[in-house]
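Following: one structure in structure tokens, then a few remarks.
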Amino acid sequence: MLDSKFIRDNIDLVKEKLSARGSDVDLAPFIAIDARRREVLQEIEALRAERNRASEEIAALKKERKEVDPARFKEMKEVSGKIKAIEEGLKEIEQETENFLLTIPNMPHESVPFGRSEEDNAEVRKWGEKPAFSFTPLEHFELGERLGILDFERAAKIAGARFSLYKGAGAQLERALINFMLDLHTREHNYTEVLPPFMVNRTTMTGTGQLPKFEEDLFKIDGADYFLIPTAEVPVTNIHQKEILNQEDLPIFYTAYTPCFRSEAGSYGKDTRGLIRQHQFNKVELVKFVEPEESYAELEGLLANAEEVLKRLGLHYRVVNLCTGDVSFAAAKTYDLEVWLPGPGVYREISSCSNYEDFQARRAGIRYRKKDAKKAAFVHTLNGSGLAVGRTLVAVLESYQQEDGSVVVPEALRPYMGGLEVIS
RNA sequence: GGAGAGAUGGCCGAGUCGGCUGAAGGCGCUCGCCUGCUAAGCGAGUGUACACUCAAAAGUGUACCGAGGGUUCGAAUCCCUCUCUCUCCGCCA
């Protein structure tokens with residue numbers, strides 16, 4: 001959420017920043033209603049002040065056991081009626097401003113390249129090499145089905161399309177990846193592991209920006225106001241919802257493994273086979289709460305933490321700086337990590353690392369108190385996948401496949417696989 | 001699922017028959033004084049948001065005692081609804 005005062009004072013800048021991301025919001029109605037809001041507020045506050053004064057007067061008279069003129073009561077009853085009437089209008093106006101603000105996306109940071117679509121994203125760097133094969137590499141679902149470690153047909157029978165069933169070494173490999181990632185981030189990168197609820201309420205979904213705009217992408221529990229989380233970012237960022245943290249508590253780093261649930265209506269027809277696009281997938285998430293001055297340095301750190309997973313697994317990847325037209329609703333800046341998939345021969349997003357600045361903090365009410373500042377300030381929140389587990393498994397299968405269809409287990413994972421070296 | 005109790009400031013805790021209660025008292029914390037050091041003691045301060053005045057510093061007003069609504073000239077205090085916490089019973093991995 002943007003600061004309404006900031007919008008008021010910087011209309012042209014806000015307009016420019018939003019149009020850079022392809023959002024041509026008309027700010028004029030907001031400016032008008034915001035002005036009206038303050039006008040009504042002043043009116044109502046003056047009346048309330050009058051009521052408070054009268055109240056004190058009456059209290060003083062009663063204390064001295066003096067008579068109160070009945071006309072006074074009548075007069076104040078009218079004032080109260082007026083207040084109530086204006087209050088209703090004010091509530092509507094406030095609701096309207098709130099609704100507007102909640103649907104305005106974040107402004108991209110100055111280091112975000114201008115662009116219209118993902119075509120315009122800027123490659124930052126590449127790491128490693130595309131693995132060379134003396135044969136035509138297979139896609140992961142072929143490998144997985146042949147090895148008997150992935151079973152999409154039965155997954156469809158149990159649940160439907162876009163669900164997966166891992167078996168044997170496949171299930172074990174998924175679990176190994178989760179543990180490997182969590183251990184790396186907790187032991188070497190200073191994150192605190194958390195295991196949050198996989199369902200959250202509406203307020204929490206609004207805090208990180210999934211609601212009110214993207215309800216159709218979420219799975220909602222029927223008969224209760226719970227949603228399945230689309231990412232651990234949601235419950236974990238909201239850990240400190242409506243809190244004022246101490247400066248010395250920052251920065252706070254959390255990592256969490258959770259399954260993620262995404263409805264993503266409209267995605268049908270894309271990536272229909274395999275693990276790439278699922279209604280349920282596993283992810284290890286990294287979340288940071290930091291002071292504003294530190295947030296861009298912390299974004300680089302977060303990105304490096306996610307990259308480290310790929311490096312240790314020996315998977316070739318590239319880092320992409322998303323352009324203004326491709327950064328998501330709540331983010332000010334996003335780096336995507338794209339892993340190389342030898343099967344289809346493409347780079348595939350495997351992590352998305354973003355700085356939200358104070359956009360989520362303002363929505364969720366996450367503040368901190370600076371040592372000698374009188375006012376509490378909003379923290380900056382960041383998060384990134386560290387990594388999407390299913391897609392990592394895809395990359396491992398495809399990158400480490402051998403001509404006979406077996407798959408070599410990357411060394412970093414062997415301790416988590418009971419020493420297993422090859423899946424065959 | 002059933003029965004009961006409760007929700008007040010960073011924490012503990014008081015709020016009488018509704019009336020200067022943003023909220024007593026204590027603890028904690030900050031600054032100052034005092035003091036070989038520490039402790040004790042003394043003094044002052046110590047929530048958030050919004051609006052207005054304003055260059056700023058600051059000041060003024062309004063709101064907030066779990067959330068929302070109602071009664072009333074006036075609600076932390078009375079009434080209703082909801083949420084959460086605790087205790088007991090039932091069920092249960």
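Model, not experiment: these values are computed from the prediction. Numbers restart at 1 for each chain; the letters A, B, ... are given by sequence-line order, proteins then strands.
Between B:rC20 and B:rU77, the two P atoms lie 14 Å apart (nearest whole Å). Annotation: B:rG70 and B:rA75 have their C1' atoms spaced 11 Å apart (nearest Å). With C1' as the reference atom, B:rA3 and B:rG90 are 11 Å apart, rounded to whole Å. When the C1' atom is compared between B:rG22 and B:rU62, the two are found 13 Å apart, to the nearest whole Å. If you take atom C1' in B:rC89 and the same atom in B:rU72, they sit 42 Å apart, rounded to whole Å. B:rA7 and B:rC12 have their C1' atoms separated by 15 Å, given to the nearest Å. Rounded to whole Å, the separation between the C1' atoms of B:rG45 and B:rC50 comes to 25 Å. Spacing between B:rC29 and B:rG10 at atom C1', rounded to whole Å, works out to 8 Å.
We find the OG1-CG distance between A:T324 and A:N121 to be 9.5 Å, quoted to the nearest 0.5 Å. Taken from CD in A:E153 to CG in A:D151, the straight-line distance is 7.0 Å, to the nearest 0.5 Å.
Between A:R348 and A:E338 there is no salt bridge, since no side-chain N of the basic residue sits under 4.0 Å from a carboxylate O of the acidic one. Salt bridge status for A:R72 with A:D69: absent, with no side-chain N to carboxylate O gap under 4.0 Å. Remark: A:E293 engages A:K370 in a salt bridge, criterion side-chain N to carboxylate O under 4.0 Å.
Each of A:A46 and A:A60 lies near RNA chain B, and the nucleotide nearest A:A60 is the one positioned closer to the 5' end.
Taking the six-membered ring for Trp and thresholds of 30 and 60 degrees, A:Y191 and A:H189 have ring planes more than 60 degrees apart, a perpendicular arrangement. The aromatic rings of A:Y254 and A:F289 sit perpendicular to each other, their planes meeting at more than 60°, with 30° as the lower class boundary.
Contacts of A:R51 classified as salt bridge (charged side-chain N to carboxylate O under 4.0 Å, His left out), with partners at least two apart in sequence or in another chain: none.
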- Message: Between A:F281 and A:I276, is the side-chain contact (heavy atoms from CB on, under 4.5 Å) condition met? List the steps.
- Response: CA-CA 9 Å; A:F281 62 94; A:I276 294 297; over 6 Å; no

- Task: Go through the steps for A:L337 and A:E349 under the test side-chain contact (heavy atoms from CB on, under 4.5 Å), then give the verdict.
- Result: CA-CA 6 Å; A:L337 240 48; A:E349 178 189 339; over 6 Å; no

- Test ring pair (Phe, Tyr, Trp, His ring centres under 6.0 Å) on A:F261 and A:F219 and set out the steps. CA-CA 7 Å; A:F261 302 92; A:F219 282 110; 7.1 Å; no

- Message: Pair A:F141, A:F152 - check ring pair (Phe, Tyr, Trp, His ring centres under 6.0 Å), show working.
- Response: CA-CA 8 Å; A:F141 43 85; A:F152 293 102; 7.1 Å; no

- Going through the distances and angles, do A:F359 and A:H380 end up as a side-chain contact (heavy atoms from CB on, under 4.5 Å)? CA-CA 8 Å; A:F359 188 86; A:H380 280 193; over 6 Å; no

- Base versus backbone protein contacts along nucleotides 72-81 of chain B [heavy-atom cut-off under 4.0 Å; B, S, -]: -BS-------

- Query: Taking protein heavy atoms under 4.0 Å as touching, what does nucleotides 46-52 of chain B look like 5' to 3' if B marks base contact, S marks sugar-phosphate-only contact and - marks none?
  - Reply: -SSSBSS

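Residue pairs meeting the side chain to side chain donor-acceptor pair (under 3.5 Å) criterion with at least one partner in residues 13-34 of chain A, sequence neighbours excluded, are A:R8-A:D34, A:D34-A:R37.
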- Query: Could you spell out the base pairing of RNA chain B in dot-bracket, with Watson-Crick or G-U pairs whose two distances are under 3.5 Å, [ ] crossing and | to another strand?
  - Reply: ((((((((.[[[..)...(.....]]]((((((.......))))))(((((((....))))))).[[[[[..)....]]]]])))))))....

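Atom CD of A:Q241 is separated from atom P of B:rU83 by 18 Å (rounded to the nearest Å). B:rU83 atom P lies 16 Å from atom NZ of A:K242, rounded to whole Å. In this structure, A:L61 places its CG atom 13 Å from C1' of B:rC20, rounding to the nearest Å.
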Below 3.5 Å between N/O atoms, which protein atoms pair up with nucleotides 64-69 of chain B? Just atom names and distances, please.
unit_1: B:rG69; atom_1: OP1; unit_2: A:K91; atom_2: NZ; d: 2.3

